[in-house]
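Data first, discussion second: the structure below is written as structure tokens.
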Amino acid sequence: LQFQEYVFLQFLGLDKVPSPQKFQPVPYILKKIFQDREAAAITGGSQDLCSVKDLGVRGNVLRLLPDQGFYLYSKNLSQASSCLQKLLYFNLPAIKDKEQLTMAQLGLDLGPNTYYNLGPELELALFLVQEPRVGHSIPKPGKLFVLKSVPWPQGVLHFNLLDVAKDWNNNPQKNLGLFLEILVKGDRDSGVNFQLEDTCARLRHSLHASLLVVTLNSEQCHPSSRKRR
Amino acid sequence: SAIPANKASCKNLCHRHQLFINFRDLGWQKWIIAPKGFMANYCHGECPFSLTTSLNSSNYAFMQALMHAVDPETPQAVCIPTKLSPISMLYQDNDDNVILRHYEDMVVDECGCG
């Protein structure tokens with residue numbers, strides 16, 4: 001059975017039996033796509049397994065990569081209202097070379113919808129990390145590529161990282177991660193100050209980052225048969 | 001002249017047999033999130049000449065069954081899947097990634113002589 005298992009695993013695109021240490025939450029979108037496919041298989045409906053209708057892209061393998069980065073506790077926070085700084089890192093090498101990246105969506109879940117305090121407004125900045133860290137130094141933020149105001153610290157934000165992920169996939173040494181900084185907007189009087197600490201502590205506790213990657217395996221998915229005009 | 005069809009009883013004739021692959025039997029339930037298993041099924045049974053004219057078989061199978069009837073040295077046509085469908089698998093790999101992947105031709109829906 002051992003040999004056959006290896007053969008079957010290879011067929012599945014795996015080189016050995018995965019033995020995950022901890023179970024990752026399955027995001028709603030993957031569950032939905034899976035259940036829609038199962039329902040279509042039961043009804044015998046035709047399925048294009050090389051397109052992900054819900055996401056509007058071509059692809060037959062969807063991966064949710066968890067963030068493997070860590071919080072940064074730098075003394076000189078860039079601004080007084082800085083709430084948190086985090087290095088985000090995603091392990092892209094899981095993508096096999098014959099797969100073409102068709103989507104890379106960063107998901108930042110700021111935490112559950114709470115109603116007791118709809119504030120303060122946040123400013124969220126994402127930078128590329130372009131220089132490798134020296135020892136345990138704080139990675140230096142490089143090029144800013146997202147600056148977004150968020151009315152309050154709740155809900156899930158999505159950012160298109162396709163070009164960045166393609167660059168990382170083609171040049172793995174460039175994948176040094178992303179530098180995330182969240183600032184509290186507005187002046188700091190004592191009330192806000194209390195909220196700031198409370199908000200930042202809650203954000204640090206609930207922030208969950210992940211990268212949803214869709215790839216198209218050309219060997220299993222022939223170019224979409226466009227109708228010739 | 002009509003070739004006497006051998007008296008293969010129905011249950012020996014080529015048809016689809018149920019086979020449920022339970023991932024727990026393979027010890028894979030720890031990393032495969034869904035499904036718990038799937039109906040793979042398989043094809044098995046004889047392909048006598050008479051069958052190739054009725055079951056959804058290929059012309060090639062018809063000719064091979066004819067040749068087998070004339071010269072038993074020629075192997076019989078074989079019972080193979082004629083309609084297959086895909087499955088999707090949701091699993092976790094060793095890098096804690098959650099992966100949804102679709103696999104073509106995993107479920108045998110119909111069999112025939114080919």
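Numbers restart at 1 for each chain; the letters A, B, ... are given by sequence-line order, proteins then strands.
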Is it the case that atom CG in N59(B) sees more than 12 heavy atoms from other parts of the structure closer than 6.0 Å? no
To check you understand the geometry: which heavy-atom pair defines the closest contact between F34(A) and P35(B), and what is its length? CZ-N, 3.6 Å
Quick one: does any side-chain atom of N91(A) pair with a main-chain N or O of D95(B) as donor and acceptor, under 3.5 Å? no
To the closest 0.5 Å, what do you measure between CD1 (I33(A)) and OG (S88(B))? 9.5 Å
Tell me whether Q92(B) contacts the main-chain N or O of Q24(A) through its side chain, where contact means a donor paired with an acceptor under 3.5 Å. yes
Hey, could you give me the CG/CZ distance between L100(B) and R63(A), rounded to the nearest 0.5 Å? 11.0 Å
I need the residue from L64(A), L211(A), L14(A) with the largest number of non-hydrogen atom pairs under 4.5 Å to chain B. L64(A)
CZ of R101(B) to CG of N60(A), rounded to nearest 0.5 Å, is 7.5 Å
Are L62(A) and I99(B) side-chain neighbours, meaning at least one heavy-atom pair lies under 4.5 Å? no
Can you confirm whether E73(B) is buried at CD, in the sense that more than 12 heavy atoms of other residues, nucleotides or ligands lie under 6.0 Å from that atom? no
Distance from K31(A) atom NZ to L90(B) atom CG, nearest 0.5 Å? 9.0 Å
With side chains defined as the heavy atoms from C-beta onward, is the minimum distance between D96(B) and K22(A) less than 4.5 Å? yes
Measure centre to centre between the rings of W28(B) and F8(A), then say whether the value is under 6.0 Å. yes
Name the member of P66(A), S210(A), A41(A), A40(A) that forms the most heavy-atom pairs with chain B at distances under 4.5 Å. P66(A)
With sequence neighbours excluded, what pairs up with H44(B) under the ring pair (Phe, Tyr, Trp, His ring centres under 6.0 Å) test? H17(B)
I need the minimum non-hydrogen distance between W31(B) and P18(A), along with the two atoms involved. CD1-O, 3.3 Å
Does CZ belonging to R24(B) count more than 12 external heavy atoms closer than 6.0 Å? no
Taking every heavy atom of V17(A) against every heavy atom of N94(B), the minimum-distance pair comes out as O-ND2, 3.9 Å
For chain B, which residues of residues 156-168 of chain A have heavy atoms nearer than 4.5 angstrom: none
Please look at M106(B) and chain A and tell me whether the side chain, the backbone, both or neither of the residue comes under 4.5 angstrom of a heavy atom of that chain. side chain
For Y60(B), does the OH atom sit with more than 12 other heavy atoms under 6.0 Å from it, leaving out its own atoms? no
